[in-house]
Amino acid sequence: MRMNRAFPCRGQRHPSFGLLAAALLLALPALIVCASAASPGKKADEVTQILSWGDIRQSRAAPADTLFIQAGRRSYLIGDIDGGFRARSNPYDVYTFGRPLASDPLAGELQGVWAQPVKALDKYLFEVIAGKDRWPLLSAQAFTQTFAYAEFFYQNGTLSATRRDFIPQDQPVLFTTLTLRNTGSQRADLTLVYTAFFDLKDAWFTSLAAKRNQGQTVTAQGKRLLAQAQTAPQKWAVALGSAPAPDKARVLNRSRGEFRFKVHLKPGAEQSWTFGVVVESQDGPRTALQNLKAWLPQRETLLAEKEALYDQLLTGRSRLHTPDAGFDAAYDLARANMQTLEAESSSLGRYFYAGLEMFPFWFGADVGYGAPGLLASGFVSTTLSHIALGQTTSERGRVPHQLSPTGARVGAGSAAETSLWVSSIWDAYRWTGDRDFLARLYRPAIQGLFSYTLGDIDRDGDGYPSGPGMVEKEGMGAEKLDSAAYAWAALLALRQMAETLNDRATAARATEAADRLAARFEQDWWSAGDGVYAMSLNEADNRQIPVAHWAVITPLEVRLASTKHAQATFDTLPTDYLNKWGLKHTVGNDERVWTLPTATLSRAAYRYGKSELGFQMLQHLAQTLDHGSIGFYHELIPDGLTNLQLWSGATFVRGVVEDLLGVDVRADQHVITVAPQLPAAWDFAELDNLAFGAHVVSLRVTPTHLRFKHVSGPTPLQVTYQTPDGKKISFTVEPRGVFERGGR
């Protein structure tokens with residue numbers, strides 16, 4: 001049989017897609033094998049991306065080099081939607097300098113198979129050989145993202161191929177299943193070649209031995225391949241095998257090995273092979289081979305477990321229903337993104353990656369912004385574990401900027417990050433009512449706020465910490481606006497912690513410090529000529545040094561701004577700070593729009609009654625889903641830098657629950673407030689199965705009506721409903737009880 005990549009598409013549907021594809025093809029009848037038929041007008045170098053998760057179906061064409069991610073808690077895979085693995089480097093360096101830096105140890109290395117803190121494979125390649133013809137599977141016509149697995153579809157003449165990549169939730173192993181099908185009328189005699197490109201490197205800011213590993217030794221172990229790190233071979237190994245076993249396994253050189261299979265397909269027949277790549281960083285090659293032997297037969301069971309995990313995430317936790325189905329899907333996809341970024345390492349335990357492909361680390365600031373969204377999405381234990389790492393890794397109260405998966409500190413924390421961390425502790429307590437958690441982190445919070453933030457780095461004692469904040473630009477003063485605003489918010493959070501734990505002295509101290517900061521804040525920071533707050537002050541004399549930067553809205557975000565100056569800021573923003581995508585990073589310097597600044601503006605707008613502006617910013621956050629990697633919230637709007645960013649999805653959920661719907665919870669007191677601010681275009685919004693503490697609630701709001709259901713809980717709930725005209729109505733709802741108030 002002769003294979004020709006230019007062979008005309010026959011329009012056959014691929015039966016090995018199974019039930020998933022059957023549902024897809026029913027929902028999207030244009031999605032047939034031929035990519036050009038699937039997406040009219042699609043360019044030759046584009047791939048049809050398909051998102052299929054529960055009742056969510058989306059499809060669009062994208063460039064072939066668009067990134068995809070498949071991840072579990074202990075490993076992840078980064079590649080391209082056409083089936084390739086193009087070299088990927090730090091996107092910040094590429095944007096700034098036009099190329100990766102020569103000093104970057106991972107320049108061109110971010111793709112491939114990772115089990116933090118180590119890299120296993122740079123890439124792998126399937127080739128189908130028929131006589132003198134070779135068909136490398138590098139030009140997928142369609143790519144399907146389900147979060148539980150990723151799938152690629154290829155067609156070449158009368159031969160089709162499906163590649164399915166899957167990483168279990170809790171094992172450091174990649175499974176890839178390839179299915180070949182002969183759709184022609186003649187027997188196909190083929191050779192299937194699988195080539196693995198080993199690349200055993202330590203991750204960024206990580207070492208497993210005294211010297212960073214570079215390279216590996218590859219050997220054939222019967223019909224399996226084994227790679228061992230040169231620097232620490234007794235600990236670090238990658239084992240590769242297949243079911244069925246290959247006809248031949250051989251080492252090609254120090255970085256490559258291959259499996260070969262003889263294939264004979266009758267007309268209409270198909271055959272599948274599953275490949276396992278096990279990564280072991282603790283116990284060496286013997287354990288890697290043992291795990292490969294144990295896990296390879298469990299592939300279907302492990303896949304079913306992961307599919308059930310994502311099914312439960314979608315249907316068993318909170319879901320949003322509004323007149324805008326796309327907005328509802330954005331809420332669900334934000335939660336899927338959080339699940340994808342849930343991580344675990346032997347050093348850190350459970351935590352969240354800050355982002356992939358660039359940031360598989362613990363970040364100090366992430367939950368300062370994202371904790372309510374993470375908790376509202378049901379990721380309670382991992383969020384508490386993530387926050388607690390700030391206490392165990394702090395240095396004299398200073399929460400680090402980030403940690404590698406080995407626990408290594410990667411940069412000291414900024415002047416803002418400890419304050420954000422303190423606030424996240426209170427957010428976690430509000431949502432969970434976990435008194436033991438609060439008591440455990442209470443003293444570290446006091447130390448972090450008073451000894452470090454308002455002690456060590458507040459040298460002049462004015463309540464404004466000095467040093468780098470969340471954002472920096474050359475020429476700024478030592479005291480930053482965002483650091484001051486977040487310090488004030490953290491003081492209020494600490495006061496509430498102290499009151500909860502009956503520590504009157506600390507409550508009084510926090511109140512006094514917050515009041516003192518607020519009393520002089522407007523005078524020190526408001527820049528009347530600019531119509532916004534100054535971004536920095538000179539430490540010696542508090543002279544303003546303005547910079548047109550997104551963080552000018554942080555006083556509004558935390559409700560520190562006066563009503564007058566908040567309004568003036570909102571009046572200034574459209575002219576200088578906003579574009580069609582949201583809040584610009586740095587006016588006149590960086591016109592790109594990040595999700596985090598746009599999310600902070602959304603929160604600020606809702607807090608000062610600008611609900612339409614707040615909703616518009618939430619819509620901009622959701623726009624990232626319409627570009628780039630399908631199903632992922634990116635770091636920039638519409639697309640750019642880190643492809644999957646934790647705080648992007650987390651702040652979207654936070655904005656929907658706490659701002660748009662106005663939900664404020666105190667799990668410890670069995671209290672909830674609902675103060676919705678619906679956009680004018682909506683006549684209703686529903687949120688089902690929202691959990692906080694031991695309670696689960698559902699609510700439906702209209703411009704004039706609330707229906708509140710206490711789905712489950714151990715005690716009655718005290719509910720306050722704030723109507724659009726500001727009137728507050730309080731009532732008690734028993735477990736499984738329903739309360740309605742207002743007109744329709």
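Remember, it's a predicted structure, so these values are computed and weren't measured experimentally. Only this structure's heavy atoms are used, side chains among them; waters, hydrogens and symmetry mates stay out.
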Inset, instruction - Apply the test side chain to side chain contact (heavy atoms under 4.5 Å, CB included) to residues Leu159 and Leu190: give CA-CA distance (whole Å), side-chain angles for both, the deciding distance (0.1 Å), then the verdict. - result: CA-CA 11 Å; Leu159 191 67; Leu190 313 165; 4.0 Å; yes
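- With a 4.5 Å cut-off on side-chain heavy atoms, Leu348 and Gln116 do not count as touching.
- Side-chain atoms of Thr382 and Glu342 form a donor-acceptor pair, as typed in the model, at a separation below 3.5 Å.
- Side-chain atoms of Lys119 come within 3.5 Å of backbone N or O of Gln111 as a donor-acceptor pair.
- Between Leu292 and Gly276, the shortest heavy-atom contact is CD1-O, 3.7 Å.
- Trp236 is not listed as a side-chain neighbour of Pro117, based on a closest heavy-atom distance of 4.5 Å or more.
- Minimum heavy-atom separation, Leu240 to Ala196: CD1-CB, 3.4 Å.
- Rounding to the nearest 0.5 angstrom, the gap separating the CG atom in Leu178 from the OH atom in Tyr124 is 10.5 Å.
- Atom OG in Ser272 sits 11.5 Å away from atom CZ in Arg181 (nearest 0.5 Å).
- Separation of the Trp362 and Tyr351 ring centroids does not fall under the 6.0 Å cut-off.
- Side chain of Tyr633 to backbone of Ala650: no donor-acceptor contact under 3.5 angstrom is found.
- At a threshold of 4.5 Å between non-hydrogen side-chain atoms, the residues Ile78 and Asn643 do not count as touching.
- Of all the heavy atoms in Leu138 and Gly83, the pair that sits closest is CD2-O, 3.9 Å.
- At distances below 3.5 Å, not a single donor-acceptor pair connects side-chain atoms of Glu151 with backbone N or O atoms of Thr144.
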Can you give each donor-acceptor pair under 3.5 Å made by side-chain atoms of residues 259-269, sequence neighbours left out, with the distance rounded to 0.1 Å?
from, atom 1, to, atom 2, distance (Å)
Arg260, NE, Glu258, OE2, 2.7
Lys262, NZ, Thr191, OG1, 3.4
His264, ND1, Arg187, NH2, 3.4
His264, ND1, Asp189, OD1, 2.8

Inset, instruction - Apply side chain to side chain contact (heavy atoms under 4.5 Å, CB included) to His386 and Leu374, showing your working. - result: CA-CA 11 Å; His386 188 107; Leu374 290 164; over 6 Å; no
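- Checked against the 6.0 Å centroid criterion, the rings of Phe97 and Tyr95 do not qualify as a close aromatic pair.
- For the ring pair (Phe, Tyr, Trp, His ring centres under 6.0 Å) test, residues two or more places apart in sequence or in another chain that qualify with Phe126 are Tyr194, Phe275.
- Asp82 places no side-chain N or O within 3.5 Å of a backbone atom of Thr66 that could act as its donor or acceptor partner.
- A salt bridge links Arg88 and Asp80; the closest N-O separation between the charged side-chain nitrogens and carboxylate oxygens is under 4.0 Å.
- Side-chain contact check for Glu357 versus Pro91: some heavy-atom pair is nearer than 4.5 Å.
- Leu125 is not listed as a side-chain neighbour of Lys123, based on a closest heavy-atom distance of 4.5 Å or more.
- Judged by distance alone, the side chain of Gln70 and the main-chain N or O of Phe147 form a donor-acceptor pair under 3.5 Å.
- Side-chain contact check for Thr642 and Glu635: at least one donor-acceptor pair (N or O, by modelled atom type) lies under 3.5 Å.
- Here the closest heavy-atom approach between residue Thr48 and residue Ser59 is recorded as CG2-OG, 3.6 Å.
- At a threshold of 4.5 Å between non-hydrogen side-chain atoms, the residues Leu641 and His634 do not count as touching.
- For the pair Arg350 and Phe379, the NZ or CZ position fails the cation-pi test of under 6.0 Å to the six-membered ring centre and within 45 degrees of the ring normal.
- One finds the CD atom of Glu270 at 11.0 Å from the CG atom of Asn182 (value rounded to the nearest 0.5 Å).
- Side-chain atoms of Arg57 come within 3.5 Å of backbone N or O of Gly54 as a donor-acceptor pair.
- Residues satisfying the side-chain hydrogen bond (donor to acceptor under 3.5 Å, both in side chains) criterion with Thr624, sequence neighbours excluded, are absent altogether.
- Between Leu313 atom CG and Met338 atom CE the span is 9.0 Å, to the nearest 0.5 Å.
- Between Ser404 and Thr406, the side chains place a donor N or O and an acceptor N or O closer than 3.5 Å (distance only, hydrogens not considered).
- Side chain of Ser629 to main chain of Leu67: a donor-acceptor pair is present (N/O by atom type, distance under 3.5 Å, no hydrogens or angles).
- Looking only at distances, no side-chain donor or acceptor of Asn291 sits under 3.5 Å from a matching main-chain atom of Trp295.
- A pairwise comparison of heavy atoms in Ile630 and Gln49 identifies N-OE1, 3.1 Å as the closest pair.
- In summary, the aromatic rings of Phe68 and Phe632 are positioned with their centroids too far apart to meet the 6.0 Å limit.
- A 4.5 Å side-chain heavy-atom check between Leu137 and Phe152 finds every atom pair outside the cut-off.
- The CD atom of Gln623 lies 6.5 Å from the CG atom of Asp626; values are rounded to the nearest 0.5 Å.
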Inset, instruction - Apply the test side chain to side chain contact (heavy atoms under 4.5 Å, CB included) to residues Phe85 and Leu77: give CA-CA distance (whole Å), side-chain angles for both, the deciding distance (0.1 Å), then the verdict. - result: CA-CA 10 Å; Phe85 293 90; Leu77 170 68; 3.7 Å; yes
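- A distance-only check finds a donor-acceptor pair linking the side chain of Arg60 to the backbone of His627 [under 3.5 Å].
- Under the 4.5 Å side-chain criterion, counting only non-hydrogen atoms from C-beta, Thr183 is in contact with Gln155.
- Between the side chains of Thr274 and Thr177, at least one donor N or O lies within less than 3.5 Å of an accepting N or O.
- Between atom OG1 of residue Thr195 and atom CG of residue Leu121 there is a gap of 11.5 Å, rounded to the nearest 0.5 Å.
- Distance alone, capped at 3.5 Å, is enough to place a donor-acceptor pair between the Glu280 side chain and the Gln282 backbone.
- Note on ring orientation: taking the six-membered ring where Trp is involved, the planes of Tyr353 and Tyr76 are perpendicular (angle over 60°, cut-offs 30° and 60°).
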Legend entry - Working for side chain to side chain contact (heavy atoms under 4.5 Å, CB included), residues Tyr154 and Gln141: CA-CA 6 Å; Tyr154 308 82; Gln141 281 95 343; 4.2 Å; yes
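- The aromatic ring centres of Tyr310 and Phe166 sit 6.0 Å or more apart.
- Here the closest non-hydrogen pair linking Gly222 and Ala249 is O-CB, 4.0 Å.
- Within a 6.0 Å sphere centred on CZ of Arg86, other residues, nucleotides and ligands contribute more than 12 heavy atoms.
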